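So the structure is just underneath, and the comments pick up after that.
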Amino acid sequence: MQTEAISNKRLQFHDMDVAVHRHTFARDVTLGLTAPQKWLPPKYFYDERGSQLYEQICALPEYYLYRAEQEILRTYAAEIHAEIGHLALVEFGSGNAAKTCYLLAAYEWAGQPFRYCPVDISREILSDTANRLLREYTNIEIHAMHADFAGQPEVIEAFQLEKKAVAFFGSSLGNFTPEESVEFLRRTAAILGPDDVFLLGIDLKKSPTILIPAYDDARGITAAFNLNVLHRINYELGGQFDPQSFEHMAIYNPEKGRIEMHLRSRQAQRVPIVNIEQVITFRKDETIHTENSYKYTEDEVCDLGYEGNLVLHRTWFDARRYFLLALFRSR
Ligand code: AVI
């Protein structure tokens, strides 16, 4: 990744090379849509519109994940801050940082300058959020990074922090397969110093009667979020998808312990995608697998961390024990 730092007194911005990103998108779409089970990586949901739709999902009554994690951060912010100390806070997938604000407020109340380093794949949200936080907190200094961190958590080394708390909230680790999660955790653990911590917010296993509506809401916002990836292929890669000819689907796969999102073709169809020189054919009811959301038990989170070279130190739960915030250190 090439980074370009635009500095002002309290804000530094590391930019991703957008041309490289476009190329990767074209490559991933070609790979995914020509596979026997068509698939697309979920990271491509998050263009500007997709990020806005995700914010709307977080406000939905069915999407308990957001409020459960918010409850944990609101209730225990001071305790978490005391536990981690006044370390620079790096956040993978920071989005609008709405929940992180509870923790940032605890930093602010300490009355000492602190550094927040948000990393996100959506540049618009990152930049808007950084500017908003600068207005809200007087002690904050922000080093923001526009990056696709999923395959290379080491991008955060560009912040050159001596000591850090690295946060990965929102159950976003659940969008990786367990194998990818272990790899991500190992690579993250490898760049943690002895005083550093890793904070993981993760959704817990529960009844499919609660899980499924969270990914298939009554207002159809999750459906729009899922279908948005077809719009994105249309405008970024010259695709000719008619999104209305696809239907959103969310199922719980109990063997794998994950919610799967798919887009099901309502009819047999051929879809040209000009920029990748492909015509993709669909049978009626054929699906594109667009996302996995793995759910874990507390023990599985501990084991996953251990395999990722991390030791679990503390846990916090919401009152219903729907969601877990886990604090790890490198082992
Ligand atoms: C970002 N990620 C953790 C969300 C999830 O729950 O898997 C994305 C999402 N997909 C559908 N609704 C929300």
Side-chain angles (χ1 to χ4, degrees), residues 39-70 72-73 91-100 118-122 125-126 129 147-150 167-178 180-181 184-185 199-208 210-232 246-253 256-264 287-296 301 304 318 322-326:
W39 64 284
L40 289 168
K43 65 183 177 188
Y44 295 116
F45 285 139
Y46 303 93
D47 62 356
E48 192 173 4
R49 167 107 181 104
S51 300
Q52 284 164 358
L53 285 165
Y54 178 60
E55 278 185 28
Q56 290 180 36
I57 287 174
C58 292
L60 289 170
E62 296 96 330
Y63 198 72
Y64 62 85
L65 289 83
Y66 181 84
R67 276 178 311 283
E69 191 177 40
Q70 183 187 47
I72 299 171
L73 287 166
E91 184 178 1
F92 287 126
S94 47
N96 65 5
K99 280 167 297 172
T100 318
V119 184
D120 205 274
I121 196 163
S122 169
I125 294 267
L126 189 65
T129 303
D148 177 8
F149 56 86
F168 198 16
F169 295 141
S171 203
S172 296
L173 191 78
N175 296 133
F176 300 167
T177 63
E180 289 166 345
S181 294
F184 183 85
L185 296 178
L199 271 175
L200 178 70
I202 194 94
D203 194 22
L204 294 170
K205 281 197 170 128
K206 57 186 66 61
S207 163
I210 300 168
L211 287 171
I212 292 175
Y215 291 85
D216 196 5
D217 63 279
R219 286 179 54 203
I221 307 290
T222 312
F225 173 74
N226 197 3
L227 287 161
N228 182 58
V229 74
L230 302 184
H231 289 282
R232 184 169 187 181
F246 287 84
E247 188 185 7
H248 166 67
M249 229 176 95
I251 53 171
Y252 185 64
N253 180 331
K256 306 248 183 194
R258 69 188 191 198
I259 284 279
E260 293 179 9
M261 292 208 317
H262 293 256
L263 289 168
R264 180 167 51 203
T287 73
I288 311 174
H289 186 174
T290 50
E291 187 182 62
N292 291 317
S293 268
Y294 281 83
K295 309 299 168 187
Y296 292 100
V301 172
L304 195 71
D318 58 305
Y322 276 7
F323 204 93
L324 165 65
L325 182 66

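Residues take their numbers from the sequence shown, with the count starting at 1. Given the structure is predicted, the values throughout are model-derived calculations rather than measurements. Note that these values count all heavy atoms, side chains included, but never hydrogens, waters or copies made by symmetry. Note that ligands are numbered from 1 as they come in the structure, with each ligand's atoms numbered from 1 the same way.
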Go through the side-chain N and O atoms of N228 and R49 and say whether any donor and acceptor fall under 3.5 Å apart. no
Ring centre gap for F45 and Y54 strictly below 6.0 Å: no
Ring centroids only, cut at 6.0 angstrom: are F225 and Y46 within range, meaning strictly under it? yes
Check the orientation of F176 and F184. Use parallel for under 30°, tilted for 30 to 60°, and perpendicular for over 60°. perpendicular
Contacts of S293 meeting side chain to side chain contact (heavy atoms under 4.5 Å, CB included) (sequence neighbours excluded), chain-then-number -> N175, Y215, I259, E291, K295
Within the 4.5 Å heavy-atom criterion, are I202 and L304 side-chain neighbours or not? no
Which N/O atoms of ligand 1 sit under 3.5 Å from a protein N/O, and at what distances?
{"from": "ligand 1", "atom 1": "2 (N)", "to": "N175", "atom 2": "OD1", "distance (Å)": "2.9"}
{"from": "ligand 1", "atom 1": "6 (O)", "to": "Y63", "atom 2": "OH", "distance (Å)": "2.5"}
{"from": "ligand 1", "atom 1": "6 (O)", "to": "Y215", "atom 2": "OH", "distance (Å)": "2.6"}
{"from": "ligand 1", "atom 1": "7 (O)", "to": "N175", "atom 2": "ND2", "distance (Å)": "2.9"}
{"from": "ligand 1", "atom 1": "7 (O)", "to": "S293", "atom 2": "OG", "distance (Å)": "2.3"}
{"from": "ligand 1", "atom 1": "10 (N)", "to": "E291", "atom 2": "OE1", "distance (Å)": "2.7"}
{"from": "ligand 1", "atom 1": "10 (N)", "to": "E291", "atom 2": "OE2", "distance (Å)": "3.4"}

